[in-house]
Amino acid sequence: MKDPITISITGAAGNIGYALLFRIASGSVFGPDQPVNLNLIEIEPALPALEGVVMELDDCAFPLLNSIVATADLNAGFRDADWALLVGSVPRKAGMERNDLLGINGKIFTGQGRAIASNAKPTCRTLVVGNPCNTNCLIAMANASGMPKNQFFAMTRLDENRAKSQLAKKAGVHPSQVTNLCIWGNHSATQYPDFTNAKIDGRPVTEVITDREWLEGEFITTVQQRGAAIIKARGASSAASAANAALDTVVSLITPTPEGDWHSVAVASDGSYGIEEGIITSMPIKTNADGSWEVVQGVPVNDFSQGKIDATVAELKEEREAVKDLIPG
Ligand code: NAX
């Protein structure tokens, strides 16, 4: 048996948290020989509900679950973390402007970024799920003084999975046959699911699906609006599929990417593809055999794609401007 690793999860009593914790504790993310410590972080009013979740975790008697901490204290919550999954945030309420949400949630991520830097392992990787996740990630990263920027990620994997599923349905194939699907930009309605480089069984999607109008129109808007469609149908936002995507992200970042493929996750831009350095933007990423990751270079960007990427990057810059007070010089 390996030494336990510590996974800190904020918003652990929420819907995504509920769909996330049991899979981590069962070993289906870090492997059947990897014990885990779960550090569950919530705000004070949610601690009683969190206690119920802890009781359920106890009742599973998971062989790989080494310890559980349930706390509202960020220092205790992020202590010795190997992974910080930042799920908790305040949902947008009626009448709230996007900038209000940015301000309210942004403040959460300054404190969490600082607490990660002070308490987590220096190698800790942070994945932000709570929305607006790209900009929240930027805030956490900027406040986590001393932590390398390449250890911060924001989740766009749900968008990738949604896009693969839509393409597979249209082509009449299984989603596992769809590869090379990159989400560019922001996890928002401006994101660009890049069908131009995606493949089905190794063939360009554009050869398999010849309905270009659908690809450029309905396909993109369906992926962009999928979150809203789920809320409309379910009366609640995506939870199980979001948790699944968070775990897919972690697995893809600790497992070498199959040769020639890539996965989508938002990272601090290094200037690749002309995207301003430091912006947290989704890009094509591959994980190397030594566990490091890099931006896949040379993915063709045609004029259509460039227009879409420019629009979503422009939105990210606006969001950064709106929270500039939360980003230390
Ligand atoms: P819930 O409202 O069910 O749960 C959120 C939990 O976070 C609550 O238990 C709350 O007490 C806790 N929380 C709030 N502020 C906190 C803080 N400062 N520290 C610790 N915990 C705190 O929401 P849920 O459905 O679980 O969604 C969580 C977040 O994921 C939301 O921001 C949501 O918008 C976002 N999503 C992101 C997605 C993505 O693809 N990146 C997709 C799904 C989801 O919409």
Side-chain angles (χ1 to χ4, degrees), residues 8-21 39-54 69-78 84-93 96 98 100-116 126-140 143 153-163 183 185-191 193 223-232 234-250 264-266 280-282 319 326:
S8 298
I9 301 156
T10 68
N15 286 304
I16 294 176
Y18 194 70
L20 198 62
L21 303 181
N39 285 10
L40 311 180
I41 304 168
E42 262 295 350
I43 47 174
E44 293 277 353
L47 286 179
L50 184 60
E51 201 41 52
V53 176
V54 171
V69 170
T71 184
D73 176 61
L74 294 182
N75 294 323
F78 289 117
L85 307 181
L86 307 187
V87 180
S89 64
V90 176
R92 190 166 173 173
K93 299 193 184 80
M96 214 186 249
R98 193 176 174 83
D100 298 335
L101 189 69
L102 280 165
I104 291 168
N105 282 331
K107 289 196 192 81
I108 296 176
F109 291 85
T110 56
Q112 292 183 355
R114 283 196 290 267
I116 288 169
T126 297
L127 172 65
V128 181
V129 174
N131 278 324
C133 64
N134 296 55
T135 298
N136 289 340
C137 180
L138 178 72
I139 295 166
N143 284 277
F153 308 90
M155 184 169 97
T156 53
R157 182 57 167 269
L158 180 54
D159 308 300
E160 176 187 324
N161 290 346
R162 286 167 170 168
I183 302 292
N186 201 1
H187 168 69
S188 76
T190 65
Q191 64 173 276
V223 176
Q224 290 173 334
Q225 306 291 339
R226 186 71 165 180
I230 303 269
I231 293 174
K232 196 164 169 234
R234 221 172 74 84
S237 65
S238 322
S241 57
N244 179 67
L247 300 180
D248 278 353
T249 308
V250 171
S264 305
V265 58
I280 303 284
T281 175
S282 187
E319 288 188 13
L326 303 176

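All ligand and atom numbering here is 1-based and tracks the order in the structure.
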Chemist: How far is atom 16 (C) of ligand 1 from the closest protein heavy atom, and which atom is that?
Modeler: I43 CG2, 3.6 Å

Chemist: Between atom CG of N39 and atom CG of L85, what is the distance when rounded to the nearest 0.5 Å?
Modeler: 11.0 Å

Chemist: Working to the nearest 0.5 angstrom, can you tell me the gap between S264 OG and L158 CG?
Modeler: 11.5 Å

Chemist: Which ligand 1 atoms does A46 reach within 4.0 Å, using its non-hydrogen atoms?
Modeler: 11 (O)

Chemist: Hey, does the side chain of Q225 reach the backbone of A189 with a donor-acceptor pair shorter than 3.5 angstrom?
Modeler: no

Chemist: Tell me, please: is G227 in heavy-atom contact with ligand 1, that is, under 4.0 Å?
Modeler: no

Chemist: If you measure from each heavy atom of R157 to ligand 1, is any distance below 4.0 Å?
Modeler: no

Chemist: Show me the side-chain donor-acceptor pairs of residues 130-139 shorter than 3.5 Å, one per line, residues at least two apart or across chains.
Modeler:
residue	atom	partner	partner atom	Å
N131	OD1	C133	N	3.3
N134	OD1	H187	N	3.1
N134	ND2	G185	O	3.1
N134	ND2	I280	O	2.9
T135	OG1	E319	OE1	2.5
N136	ND2	G130	O	2.9
N136	ND2	N131	O	3.2
N136	ND2	P132	O	3.3

Chemist: Which residue and non-hydrogen atom of the protein lie closest to atom 24 (P) of ligand 1, and at what distance in Å?
Modeler: I16 CG1, 3.8 Å

Chemist: If I take atom CG from residue N161 and atom OG1 from residue T156, how far apart are they, to the nearest 0.5 angstrom?
Modeler: 10.0 Å

Chemist: Students should be able to answer this: which protein heavy-atom is nearest to atom 42 (C) of ligand 1, and at what distance?
Modeler: L158 CD2, 3.7 Å

Chemist: How far is atom 18 (N) of ligand 1 from its nearest protein heavy atom, and which residue and atom is that?
Modeler: I108 CG2, 3.3 Å

Chemist: If you measure from each non-hydrogen atom of N131 to ligand 1, which part falls under 4.0 Å: side chain, backbone, both or neither?
Modeler: both

Chemist: Take R162 and S238 through the side-chain hydrogen bond (donor to acceptor under 3.5 Å, both in side chains) test and state the conclusion after the steps.
Modeler: CA-CA 12 Å; R162 286 167 170 168; S238 322; 2.9 Å; yes

Chemist: Measure from atom 38 (C) of ligand 1 to every heavy atom in R226, H187, Q191 and give the option owning the shortest one.
Modeler: H187

Chemist: With only distance considered, is G88 within less than 3.5 Å of ligand 1 through an N or O on each side?
Modeler: no

Chemist: Between atom CG of N143 and atom OG1 of T110, what is the distance when rounded to the nearest 0.5 Å?
Modeler: 5.5 Å

Chemist: Starting from atom 10 (C) of ligand 1, which protein heavy atom do you reach first, and at what distance in Å?
Modeler: E42 OE1, 3.5 Å

Chemist: If you scan the protein for heavy atoms around atom 7 (O) of ligand 1, do you find one that is closer than 4.0 Å?
Modeler: yes

Chemist: Can S238 be said to touch ligand 1, with heavy atoms closer than 4.0 Å?
Modeler: yes

Chemist: In Å and rounded to the nearest 0.5 Å, what is the CG to CZ distance from L127 to R157?
Modeler: 11.0 Å

Chemist: Hey, does V250 have a side-chain heavy atom less than 4.5 Å from the side chain of F153?
Modeler: no

Chemist: For atom 32 (O) of ligand 1, which protein heavy atom lies nearest, and how many Å away is it?
Modeler: S89 OG, 2.5 Å

Chemist: Please report which non-hydrogen protein atom sits nearest to atom 37 (C) of ligand 1, along with the residue it belongs to and the distance in Å to one decimal place.
Modeler: V129 O, 3.0 Å

Chemist: Please round to the nearest 0.5 Å and tell me the distance separating atom CD1 of I108 and atom CD1 of I43.
Modeler: 7.5 Å

Chemist: What atoms of ligand 1 come within less than 4.0 Å of a heavy atom belonging to C133?
Modeler: 41 (N)

Chemist: State, with a plain yes or no, whether a side-chain heavy atom of L247 is found less than 4.5 Å away from one of N244.
Modeler: no

Chemist: Identify the protein heavy atom lying closest to atom 19 (N) of ligand 1, giving its residue, its atom name and the separation to 0.1 Å.
Modeler: Q112 NE2, 3.5 Å

Chemist: List every atom of ligand 1 that sits less than 4.0 Å from any heavy atom of A13, numbering the atoms from 1 in the order shown and giving each element.
Modeler: 9 (O)

Chemist: Only counting residues at least two apart or in another chain, list the ones meeting side chain to side chain contact (heavy atoms under 4.5 Å, CB included) with A243.
Modeler: I16, A19, L20

Chemist: Could you establish whether V87 and ligand 1 come within less than 4.0 Å of each other, counting only heavy atoms on the residue side?
Modeler: yes

